[in-house]
Amino acid sequence: MNILDDLQWRGLIQESTDIDALRKHLDGDDRVTFYVGFDPTGASLHVGHLVQVLTARRLQRAGLRPLLLVGGATGQIGDPKETSERVLNPPEVVAGWVSRIQEQVRPFVDMAGDNAATLVNNLDWTGAMSAVDFLRDVGKHFSVNRMLARDVVKARLEAGISFTEFSYQLLQGNDYYELFTRHGCTLQFGGSDQWGNITAGVDYVRRRGAGPVHAFVTPLVTKADGTKFGKTEGGGVWLDPTLTSPYAFYQFWINAADRDIAGYLRYFSFRSHEEILRLEKATEERPAAREAQRALAAELTTLVHGEAESAQAIAASSALFGRGELTDLAEPTLAAALREAGVVETAEPLSVAALFKESGLAQSLSEARRAVKEGGAYVNNVRVTDAEAPLSDDQFLYGRLAVLRRGKKTIAGVIRP
RNA sequence: GGCGCGUUGCCCGAGUGGCCAAUGGGAGUGGACUGUAAAUCCAUCGGCUUUGCCUACGCAGGUUCGAAUCCUGCACGCGCCA
């Protein structure tokens with residue numbers, strides 16, 4: 001089975017340019033170079049980007065040569081979104097995000113060998129381009145009529161769109177041409193929201209007399225219940241461990257719905273087709289065992305955060321969600337689990353509400369009080385009734401540890417020195 | 001440039017002088033049921049030193065005992081005319 005068959009089996013190809021032509025191209029003798037781009041719109045990528053990162057990894061493992069582009073130029077412009085104009089980020093901020101994201105994607109690919117990956121930045125060829133060059137060399141090949149027909153642009157004609165964002169597509173299109181001429185890149189992929197930009201690039205490369213080049217897009221990861229993928233209690237799920245702890249990352253996958261897990265396995269797992277089919281069957285037959293969720297959570301936490309962090313996240317999860325009594329856990333085990341989940345360390349006799357706020361379990365004191373009022377706040381698995389009372393000495397296990405819980409599955413700890 | 005209309009809480013969207021921290025839906029949060037799942041039902045959903053106070057209905061001023069609601073100016077968007 002070749003890589004294209006694998007990607008199709010996994011449902012990773014939603015749309016593509018002529019698939020037979022691409023297949024022939026991949027079957028040819030020459031090593032194919034591909035690129036995928038990430039715009040630095042924040043300090044870290046999130047789980048939604050993981051599909052792209054991992055697809056790049058798959059392609060490299062299949063022998064293709066990856067160019068990972070982090071958009072130092074496009075990130076300063078902003079891809080138009082349907083709702084409203086973006087606020088421009090200062091260039092030095094974007095530059096900082098570029099290097100962070102470059103470091104973030106690097107471990108997912110092999111930087112050595114015959115098909116070593118290369119990190120590229122479109123600021124390198126876009127930054128120095130003059131306005132005249134841009135308008136003559138690039139702009140001449142784009143039809144405003146066609147750009148206006150795009151759904152995003154149509155949506156924005158009502159709300160308003162700046163020339164800056166309108167022009168975004170030209171930069172991305174030009175990236176493909178530059179990577180073709182500089183690196184011989186003949187394949188681009190991205191998320192399905194990039195289809196318009198990507199095909200514009202393919203067309204542009206042809207108009208410049210280069211190519212032919214190919215492209216495909218991966219589907220948007222969805223959830224069966226219609227809510228947005230990659231959101232969890234109070235925020236996104238980031239790849240950066242300082243923004244989303246390995247424990248929280250692991251918990252995110254553990255909590256995947258049964259109806260979604262089969263699709264996630266295909267998108268995200270590097271297990272064999274047989275193993276994936278076996279896990280799908282396990283979910284069907286014994287959903288309560290969550291075998292597929294556990295397998296995927298462990299695999300991805302290891303891949304993203306490493307073996308050691310993954311092992312700790314798993315240990316913490318089984319300690320905190322085990323059926324036994326908290327006091328059955330040895331002090332070091334409990335302390336480590338709480339540290340994974342997030343702790344507030346204090347000697348102050350803070351109220352339960354304050355502890356919930358400090359630990360991040362609640363955003364404000366009001367929210368913490370509300371949680372108590374609604375019966376959703378627990379200390380050591382015992383429901384709290386008084387939000388203002390500080391913890392008593394006997395609530396500290398081993399004299400120094402207390403387990404805070406909000407709802408069924410959000411846990412934090414209190415440690416006093 | 002002129003005239004008209006619009007700008008409401010995370011999103012959509014009611015509200016035309018006091019009964020408005022503001023109807024309804026979605027998202028979020030909690031409870032019940034479960035399997036750290038889904039569906040369903042119920043509750044909740046600005047903040048705080050929480051029987052009260054503060055901040056909020058594009059921005060800035062004004063009228064009024066009292067304004068999201070009226071007036072003026074400004075910004076932005078939409079439409080028509082030039």
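Every chain is numbered from 1, with letters handed out A, B, ... down the list of sequences.
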Who is the Watson-Crick or G-U wobble partner of B:C20, with both distances under 3.5 Å? none
Does a salt bridge link A:Arg370 with A:Glu367, judged by any charged N lying under 4.0 Å from a carboxylate O? no
Provide, to the nearest angstrom, the distance between the CD1 atom belonging to A:Ile261 and the P atom belonging to B:G35. 19 Å
Ion pair A:Arg400/A:Glu345, N-O distance below 4.0 Å: no
Hydrogens and angles aside, do A:Ser245 and A:Glu340 bring a side-chain donor and acceptor to less than 3.5 Å of each other? no
Quick check with a 6.0 Å cut-off and a 45 degree axis cone: is A:Arg208 positioned over the face of A:Phe180's six-membered ring? no
When rounded to the nearest Å, what value does the distance between P atoms of B:C41 and B:G26 take? 10 Å
Please state whether the phosphate of B:C48, meaning OP1 or OP2, lies under 4.0 angstrom from any side-chain nitrogen or oxygen of A:Ser364. yes
What is the distance, to the nearest angstrom, from the CD atom on A:Glu367 to the P atom on B:G30? 9 Å
Quick check on B:A27: is either OP1 or OP2 less than 4.0 Å from any side-chain nitrogen or oxygen of A:Thr227? no
In 5'-to-3' order, the base (B), backbone-only (S) or no-contact (-) status of each nucleotide in nucleotides 37-42 of chain B, using a 4.0 angstrom heavy-atom cut-off, is BSS---
Note: A:Asp393-A:Arg416 ion pair, threshold 4.0 Å (strictly below): yes
Gap in Å between the two P atoms, one belonging to B:U8 and one to B:C3, rounded: 24 Å
Separation between the C1' atoms of B:C71 and B:G77, rounded to whole Å: 23 Å
B:C70 -> Watson-Crick or G-U wobble partner, both distances under 3.5 Å, gives B:G62
C1' spacing across the pair B:G15 / B:C70, given as an integer number of angstrom: 16 Å
Would you kindly say whether A:Asp258 and A:Gln293 are connected by a side-chain donor-acceptor distance under 3.5 Å? yes
What is the base-pairing partner of B:G79, counting Watson-Crick and G-U wobble geometry with both distances under 3.5 Å? B:C3
When you check the side-chain N and O atoms of A:His273 and A:Asp6, is any donor under 3.5 Å from an acceptor? yes
What integer distance in Å separates A:Lys228:NZ from B:C12:C1'? 16 Å
Among B:U29, B:U50, B:G35, which nucleotide has an atom closest to any side-chain atom of A:Arg406? B:U29
Kindly say if A:Arg370 contacts the phosphate of B:G47, meaning a side-chain N or O under 4.0 Å from OP1 or OP2. yes
Stretch residues 372-389 of chain A: residues that reach within less than 4.0 Å of RNA chain B through a heavy atom: A:Glu374, A:Gly375, A:Gly376, A:Tyr378, A:Arg383
Separation between the P atoms of B:C5 and B:G61, rounded to whole Å: 25 Å
With a 3.5 Å limit on both atom pairs, tell me what B:C48 is paired to, counting Watson-Crick and G-U wobble, or say none. B:G52
For B:C10, which nucleotide is its Watson-Crick or G-U wobble mate, given both distances must be under 3.5 Å? B:G26
Side chains of A:Tyr168 and A:Asp39: is there a donor and an acceptor less than 3.5 Å apart? yes
Quantified in whole Å, what is the P atom distance between nucleotide B:A27 and nucleotide B:A38? 13 Å
Between B:G31 and B:A22 - C1' atom distance, rounded Å: 27 Å
Aromatic contact, A:Phe252 with A:Phe229 (centres under 6.0 Å): yes
Figure out the CZ/C1' separation between A:Arg369 and B:G30, and round it to whole Å. 17 Å
Could you let me know what B:U40 is paired to, Watson-Crick or G-U wobble, both distances under 3.5 Å, or none if it's on its own? B:A32
For B:G47 and B:U63, measure between their C1' atoms and round to the nearest Å. 30 Å
When rounded to whole Å, the CG to C1' distance for the pair A:Asp260 and B:U36 reads 15 Å
Among side-chain atoms of A:Ser44 and A:Gln104, is any donor-acceptor pair under 3.5 angstrom? yes
5'-most by nearest nucleotide on RNA chain B - A:Lys223 or A:Ser317: A:Lys223
Return the value, rounded to whole Å, for the distance between atom CG of A:Leu361 and atom P of B:G28. 18 Å
Tell me, which pairs form a side-chain hydrogen bond (donor to acceptor under 3.5 Å, both in side chains) where one or both residues lie in residues 46-60 of chain A, sequence neighbours left out? A:Gln52-A:Thr218
